[in-house]
Amino acid sequence: MRYVLDPTTRVEGRRIIGGSPRTVLGVSEGGARTLERLLAGDPPAGSALVARMLDLGLVHPEPEPRRVVEPTGEPLVTIVIPTLGAPRHGPPADADIPVVLVDDGSEPAVDGATVRLDENRGPAAARNAGLALVTTPFVVFVDADVEHGDVTRWVG
C-alpha cells in the first residue's frame with residue numbers, strides 16, 4: 001500500500017505538521033527513517049508511525065491504478081441466476097453472454113440448470129454455487145423473475 005501526504009501536511013525535519021485538527025507530531029530517529037521510506041513510496045508494513053499518521057489525517061492511502069480490461073473477444077461477464085422452481089423467463093437470447101442457472105433444490109428439478117443444489121439453501125447459497133463456476137472477470141447476479149433482455153442491454 002502506498003500513501004500520499006494530506007495537502008495540509010508539511011514535514012520539517014523530524015516534525016510532521018498538518019491534519020485535522022492541526023497536529024504537530026515529533027518523530028524519533030527511527031520514525032524519521034520510516035517517514036523517508038513513506039515519502040519514497042515504500043512504507044514498512046505494520047508501521048505504528050504510518051498508522052498514527054493515518055489516524056491523524058496526515059497521510060491517505062493511494063488507490064491502486066485501475067486495471068484496464070483489454071478486449072479479447074472472450075466474454076467479460078457471466079450472468080448467474082438462482083432459481084427455486086422454473087424461472088419466469090428463459091435464459092437471455094444473447095449467446096455471447098454466458099449464463100449459469102442454479103437450481104436451488106427445486107422439486108421437480110429445473111430442466112437446463114447449469115448446477116443443482118440437493119436441497120433448498122436460499123438465494124445467497126445458490127448465487128455462491130453459481131459464482132464458483134464463473135471464469136469471466138465480472139459477474140452479474142440476477143433473480144429468476146427479471147427480464148433477462150434488460151440485463152443483456154446493461155452488460156452487453
Side-chain angles (χ1 to χ4, degrees), residues 1-84 87 89 91-92 94 96-105 114-115 117 119-156:
M1 170 73 60
R2 292 176 53 104
Y3 299 91
V4 293
L5 290 178
D6 184 84
T8 67
T9 301
R10 291 189 337 256
V11 177
E12 296 178 356
R14 289 177 33 185
R15 291 188 314 161
I16 306 167
I17 305 164
S20 180
R22 196 146 186 88
T23 303
V24 177
L25 185 65
V27 296
S28 66
E29 189 175 318
R33 286 192 300 273
T34 298
L35 183 58
E36 285 176 22
R37 288 182 62 189
L38 180 130
L39 295 174
D42 182 31
S47 165
L49 176 61
V50 174
R52 182 77 173 127
M53 291 177 71
L54 281 165
D55 289 344
L56 294 172
L58 298 167
V59 294
H60 306 287
E62 184 175 56
E64 295 289 328
R66 290 186 178 205
R67 189 185 106 187
V68 176
V69 178
E70 297 293 333
T72 63
E74 296 295 317
L76 291 176
V77 65
T78 298
I79 300 172
V80 174
I81 308 167
T83 188
L84 179 60
H89 309 285
D94 187 337
D96 292 337
I97 299 175
V99 176
V100 176
L101 180 62
V102 182
D103 179 350
D104 190 15
T114 310
V115 64
L117 303 179
E119 60 184 42
N120 177 261
R121 294 191 288 163
R127 287 183 188 104
N128 286 335
L131 180 61
L133 302 175
V134 173
T135 59
T136 57
F138 302 102
V139 63
V140 174
F141 296 104
V142 179
D143 290 336
D145 60 349
V146 170
E147 288 278 348
H148 300 135
D150 292 339
V151 176
T152 57
R153 282 194 296 276
W154 301 334
V155 300

If I compare all heavy atoms of [X] with all of [Y], which pair ends up nearest, and what's the gap?
X	Y	result
Pro137	Pro75	CD-O, 4.2 Å
Val59	Val50	CG2-O, 4.4 Å
Pro82	Ala144	O-CB, 3.6 Å

In the structure I gave you, are the side-chain heavy atoms of [X] and [Y] within less than 4.5 Å of one another anywhere?
X	Y	answer
Leu39	Leu5	yes
Arg127	Val139	no
Pro61	Leu54	yes

For Asp104 and Arg121, indicate whether the former's side chain and the latter's backbone hold a donor-acceptor pair under 3.5 Å. yes
Judged by atom type as modelled, is there a donor-acceptor pair below 3.5 Å linking the side chain of Ser47 to the main-chain atoms of Leu49? yes
Residue pairs meeting side chain to side chain donor-acceptor pair (under 3.5 Å), one or both in residues 129-140, sequence neighbours left out, come to Thr78-Thr136
Keeping to residues at least two apart or across chains, list the side chain to side chain donor-acceptor pair (under 3.5 Å) pairs with something in residues 4-14. Asp6-Thr8, Asp6-His60, Arg10-Glu12, Glu12-Arg15
Measuring from [X]:[atom1] to [Y]:[atom2], what's the distance to the nearest 0.5 Å?
X	Y	atom1	atom2	value
Leu84	Asn120	CG	CG	5.0 Å
Thr83	Ile81	OG1	CD1	8.5 Å
Arg22	Leu58	CZ	CG	9.5 Å
Leu25	Arg52	CG	CZ	6.5 Å

According to salt bridge (charged side-chain N to carboxylate O under 4.0 Å, His left out), who are the partners of Asp103, at least two apart in sequence or on a separate chain? Arg116
